[in-house]
Protein chains: 2
Amino acid sequence: MPLTHEEIVDAAVDVLRRHGLADLTMRRLARELGVQPGALYWHVPNKQTLLVRVTERVLADVPIRRSGHPAADIRRLAKGIRAAVLPIPDGSDVVALSYALDAEASPVFVQLRTLTGELADSATTAAAAQALVIHHVLGSISDEQNRRLADLPTHGAAAAFDRGLDLALTALTATSLPRSVHG
Amino acid sequence: MPLTHEEIVDAAVDVLRRHGLADLTMRRLARELGVQPGALYWHVPNKQTLLVRVTERVLADVPIRRSGHPAADIRRLAKGIRAAVLPIPDGSDVVALSYALDAEASPVFVQLRTLTGELADSATTAAAAQALVIHHVLGSISDEQNRRLADLPTHGAAAAFDRGLDLALTALTATSLPRSVHG
DNA sequence: ACCTGAACACCGTTCAAGT
DNA sequence: ACCTGAACACCGTTCAAGT
């Protein structure tokens with residue numbers, strides 16, 4: 001049976017999960033799948049696009065629920081992203097790259113945009129808040145993964161993550177009265 | 001005259017500034033300097049370390065002044081980093097990598113840590129605020145550079161950057177009364 | 001339609017040997 | 001002390017040719 005697009009993304013996620021981004025090469029992937037490197041290029045245009053597909057897959061399990069309380073939903077979403085990406089070596093780099101290439105690459109990104117929009121008093125504030133949260137989430141994960149790589153302690157990481165999230169959300173709900181349960 | 005450490009870093013910054021990270025290879029650098037690739041390894045242990053030196057050089061021109069008003073100083077510092085890194089292709093990636101490898105790689109990082117410490121009501125808040133600001137700064141620059149690469153508009157970038165900075169600082173000065181002019 | 005084989009133009013790093 | 005030459009073990013991508 002012929003190689004499928006799905007199989008390639010599966011194998012890519014697997015290599016990333018087990019060995020990190022440095023080992024996630026097109027050649028390595030081909031070896032893992034028992035084909036020649038060139039075969040991959042019949043199914044995938046290039047490595048960058050493949051990494052975006054990997055991001056979609058990794059973020060696909062993050063639950064997107066709505067409670068009517070945007071701040072609480074943002075908090076849950078941010079924690080969900082962290083939980084999904086943290087166990088994957090270099091996961092934050094891959095997700096950041098995909099977010100940069102395509103800000104609609106995952107429903108998770110879109111949902112975050114919607115939620116900050118409901119909480120902010122203006123469109124510019126909403127955009128700034130969305131960016132602040134995304135940068136906090138991906139930056140925190142990146143720092144934590146790098147600390148792990150360098151064998152530095154990460155005991156307070158989860159609490160620090162929450163504290164940073166609080167700071168960002170405090171500012172949002174302070175500058176504007178929450179319009180909360182309106183959607 | 002023999003090759004010097006300085007010359008190598010200079011050439012590296014130059015290649016980065018003109019061609020970006022993808023073209024900043026040890027072999028390309030050697031070619032540019034008229035030596036064999038192996039020659040570089042007598043002066044520099046590896047590429048990662050060289051990139052940290054590049055970051056030091058890039059951030060060296062960011063002015064570190066103190067006014068007695070930490071929030072204003074943080075704002076100025078953040079804008080200084082943005083001004084220094086934005087004109088350099090992939091500059092945010094290189095700086096983020098260096099920050100991850102060594103959070104004391106530049107006096108700029110250290111100064112930011114000090115300033116958030118003065119504004120926060122606790123050590124954990126200080127650490128969270130430092131991280132939030134750094135992630136905002138590097139994340140914003142990265143987004144802006146990527147948008148430029150993809151020929152997307154970046155007209156509101158400076159304002160969005162300031163707005164995000166305000167959000168982070170508003171939260172800091174709201175949760176705690178500024179102890180401000182105490183250092 | 002799907003893949004192989006082979007090439008093109010590269011990488012970072014090491015190290016004996018030269019001067 | 002400082003560098004060359006040459007190697008080792010790789011990269012991403014393309015594409016004629018095969019089935």
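First the proteins, then the strands, lettered A, B, ... as listed; each starts at 1.
- Annotation: D:dA7 and C:dC11 have their C1' atoms spaced 14 Å apart (nearest Å).
- Annotation: salt bridge (charged side-chain N to carboxylate O under 4.0 Å, His left out) contacts involving residues 146-161 of chain B, sequence neighbours excluded, comprise B:E144-B:R148.
- The shortest non-hydrogen separation linking A:V95 to A:F109 is CG1-CZ, 3.9 Å.
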(message) Could you spell out the base pairing of DNA chain C as a dot-bracket line? Use Watson-Crick and G-U wobble contacts where both distances are under 3.5 Å, [ ] for crossing pairs, | for partners on a different strand.
(response) ||.|||||...|||||.||

(request) Summarise how protein sits on nucleotides 1-12 of chain D as a single string, 5' to 3': B when a protein heavy atom is under 4.0 Å from the base, S for sugar-phosphate-only contact, - for no contact. (result) SBSBS-B---BB

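- Relative orientation of the B:H135 and A:H136 rings is tilted, given thresholds of 30° and 60° on the angle between their planes.
- Pairs passing the salt bridge (charged side-chain N to carboxylate O under 4.0 Å, His left out) check and including a residue from residues 126-141 of chain A, sequence neighbours excluded, do not occur.
- The two residues B:L40 and B:V35 make their nearest non-hydrogen contact at CD2-CG2, 4.5 Å.
- Using a 4.0 Å cut-off between a side-chain N of Lys or Arg and a carboxylate O of Asp or Glu, B:R76 and B:D73 qualify as a salt bridge.
- Going from the P atom of D:dA9 to that of C:dC8 covers 22 Å, rounded to whole Å.
- For the residue pair B:T125/A:R163, the side-chain donor-acceptor check at 3.5 Å is satisfied.
- Electrostatic pairing of B:E118 and B:R113 does not count as a salt bridge here, judged by no charged N lying under 4.0 Å from a carboxylate O.
- Between the side chains of B:D143 and B:S140, no donor-acceptor pair of N or O atoms lies under 3.5 Å.
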Distances for protein N/O vs nucleotides 16-19 of chain D N/O pairs under 3.5 angstrom?
none

Could you list the donor-acceptor pairs under 3.5 angstrom formed by side chains in residues 25-33 of chain B, with sequence neighbours left out?
unit_1	atom_1	unit_2	atom_2	d
B:T25	OG1	B:R28	N	2.9
B:R28	NE	B:E32	OE1	3.1
B:R28	NH2	B:H19	NE2	3.2
B:E32	OE2	B:R18	NH2	3.0

